[in-house]
Amino acid sequence: MLRNLVRGLIAGAAGTTVLDAVTYGDMAYRGRGSSGAPGEVVERLAEDTGHPVPGEGSTRTNRLTGLGALAGIAAGCGTGAAVAVLHGAGLRLPWWVGGPLTGALAMAAADLPMAGTRVSDPRTWSGKDWASDIVPHLAYGLVTYAVATCGQDRAPEGRCGTPRG
């Protein structure tokens with residue numbers, strides 16, 4: 001189980017890197033700004049638990065931005081770990097099902113807290129808003145699932161498609 005957990009954390013980190021690259025590429029292509037939603041979610045959750053983020057002005061804003069990004073990394077790595085542990089426990093899905101489901105799980109981990117804290121309401125999002133969310137999470141899911149399941153259930157090949165020998 002520990003091996004699956006570590007594999008999943010690595011898979012989630014790889015997927016998170018790809019998600020960030022797709023997101024930043026979209027920002028560069030369309031000239032759109034970054035989302036402040038992750039920091040707002042952190043702010044609301046911190047206040048709701050009685051532990052507000054300290055600081056004032058730009059110092060506090062910068063802390064919230066950093067904490068929001070760290071929360072995204074944690075969600076990405078945690079999702080990867082969950083997927084790898086489930087795979088190790090016997091849940092075997094083809095890549096074309098497991099990848100998109102992994103992406104959907106990560107998307108839910110990001111979007112449900114936004115909706116729950118009322119930072120954003122996905123029911124009001126435009127098609128472009130949804131595309132900006134779905135495409136990076138799909139890329140995340142495909143990469144994370146591939147890395148999390150790499151080398152497992154692929155006889156007669158070895159790890160990640162290399163011949164056994």
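Residues satisfying the salt bridge (Lys or Arg N to Asp or Glu O under 4.0 Å) test with Asp121, not counting sequence neighbours, are Arg123.
The same ILVMFWY cluster, assembled from side-chain heavy atoms under 4.5 Å apart, contains both Trp125 and Val119. Grouping the Ile, Leu, Val, Met, Phe, Trp and Tyr side chains by contacts below 4.5 angstrom, directly or via other members, places Leu2 with Ile10.
Between the side chain of Thr144 and the main chain of Gly141, no donor-acceptor pair closer than 3.5 Å is present. A distance-only check finds a donor-acceptor pair linking the side chain of Arg60 to the backbone of Val53 [under 3.5 Å]. The backbone N or O of Gly55 sits nowhere less than 3.5 Å from a side-chain atom of Thr59 that would complete a donor-acceptor pair.
Using modelled atom types, one finds no donor on one side chain facing an acceptor on the other under 3.5 Å when comparing Trp95 with Thr149. Between the side chains of Asp129 and Ser126, a donor-acceptor pair is found at a separation under 3.5 Å.
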Extract all donor-acceptor atom pairs below 3.5 Å that involve side chains of residues 18-31 and protein atoms in other chains or at least two apart in sequence.
residue : atom : partner : partner atom : Å
Thr23   : OG1  : Leu19   : O            : 2.9
Asp26   : OD1  : Arg30   : NE           : 2.8
Asp26   : OD2  : Arg30   : NE           : 3.4
Asp26   : OD2  : Arg30   : NH2          : 3.0
Asp26   : OD2  : Arg32   : NE           : 2.6
Asp26   : OD2  : Arg32   : NH2          : 3.1
Arg30   : NH2  : Ser132  : OG           : 2.5

Residues 103-118 side chain polar contacts: donor-acceptor under 3.5 Å, at least two apart:
residue : atom : partner : partner atom : Å
Thr117  : OG1  : Pro113  : O            : 2.7
Thr117  : OG1  : Met114  : O            : 3.4

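To the nearest 0.5 angstrom, Arg63 atom CZ is 10.5 Å from Glu56 atom CD. The OH atom of Tyr140 sits 4.0 Å away from atom OG1 of Thr79, with the distance rounded to the nearest 0.5 Å. With rounding to the nearest 0.5 Å, the separation of CG in Leu64 from CG in Asn62 is 9.0 Å.
Nearest heavy atoms, Ser120 versus Pro122: O-CD, 3.5 Å. Contact between Cys77 and Leu9 at its shortest, heavy atoms only, is O-CD2, 3.7 Å.
Residues Leu101 and Tyr145 form no side-chain contact, since every pair of their non-hydrogen atoms from C-beta on lies 4.5 Å or further apart. Under the 4.5 Å side-chain criterion, counting only non-hydrogen atoms from C-beta, Leu142 is in contact with Pro100. Within the 4.5 Å cutoff, the side chain of Arg7 has heavy atoms near those of the Cys150 side chain.
Test Leu91, Asn4, Leu93, Thr102 against Leu86 for side chain to side chain contact (heavy atoms under 4.5 Å, CB included) and you get one pass: Leu91.
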